[in-house]
Amino acid sequence: MNTVSSGSGEAGCGATNRTRGLVMVNTGNGKGKTTAALGLLLRAWGHDMKVVMLQFIKSATANYGEHRAARRMGIEILAGGTGFTQRGKKAGKHEHLAQELWSVAKEKINSGAYQMVILDEISYPLRYDWLSVDEVLDVLRHRPETVHVVLTGRDIPQELIDFADVATDLREVKHHLKKGIKAQPGIEF
Ligand code: ATP
Ligand code: MG
């Protein structure tokens, strides 16, 4: 069996050869938006790139598999919400937390210190008008050119899809939760 050893990637794919940061969108109703973003995080981290994932909505006390992995890898995944079950237009605390997390995200994007910043579930605060689409666009437009930014969540606003370099719409074909199989570690969290 072949294994991937260090430095064995495609010719010229080292982090130092990358010149242009991308804006990437994972949206749609199908499963895989966050996990695909985590795949990018892993891939970039493997190239010694500095990466961070900021999770809107998800609870700061959640201890999902990706949070456990991040601690062991020595990378940052910051969850700054009160959890999916509490979300909704009237969840005042959510709004405040989302704005706080967005401030952190802006700093990290603008710092130029990160090569990849993932804004997980950012579609919800945008759809609830807790964050302004125009402001997010402005930050993306003026970011340091080496920073990749990945946005995930159902129903990402069209303006962001228009601006993105790559956008993927994950379409639900079927989902096990709908036939009563409960959320489980390693799959949902
Ligand atoms: P994942 O985190 O598994 O990649 P996702 O980011 O695409 O999923 P979200 O919209 O963030 O999906 O959904 C959050 C939770 O709902 C996850 O636990 C996910 O497994 C589950 N989920 C995703 N898609 C569906 C669906 N079509 N029907 C029911 N549950 C779903
Ligand atoms: Mg998700």
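Note that the structure is a prediction, hence the values are computed from the model and not measured. Whatever order the structure lists ligands and atoms in, that order sets their numbers, starting from 1.
- Phe56 has its side chain within reach of Trp102: a pair of non-hydrogen atoms, C-beta onward, lies under 4.5 Å apart.
- In this structure, Leu170 falls outside the shell of residues with a heavy atom less than 4.0 angstrom from ligand 1.
- The shortest heavy-atom distance from Asn29 to ligand 1 is under 4.0 Å.
- Within the coordination shell of the Mg ion (ligand 2), defined by N, O or S atoms under 2.8 Å, Thr35 is absent.
- Between Asn26 and Thr152, the side chains place no donor N or O within less than 3.5 Å of an acceptor N or O (distance only, hydrogens not considered).
- At a 4.0 Å cut-off, not a single heavy atom of Ala183 sits close enough to ligand 1 to count as contact.
- Which of Lys33, Gln55, Glu172, Arg154 comes nearest to atom 23 (C) of ligand 1 through a heavy atom is settled by distance: it is Arg154.
- Considering only heavy atoms from C-beta on, Ile187 comes within 4.5 Å of Lys31 through its side chain.
- Selection from Arg171, His175, Lys31 by nearest heavy atom to atom 22 (N) of ligand 1 gives His175.
- Here Asp120 does not reach the Mg ion (ligand 2): none of its N/O/S atoms is less than 2.8 Å from the metal.
- Using a 4.5 Å cut-off on side-chain heavy atoms (C-beta onward), His176 and Glu188 make contact.
- When only modelled atom types and interatomic distance are considered, Gln55 and His67 share a side-chain donor-acceptor pair under 3.5 Å.
- Inclusion of Gly32 in the set of residues having an N or O under 3.5 Å from an N or O of ligand 1 is warranted.
- Considering Asn26, Thr34, Ile187 only, the shortest heavy-atom separation from atom 2 (O) of ligand 1 involves Thr34.
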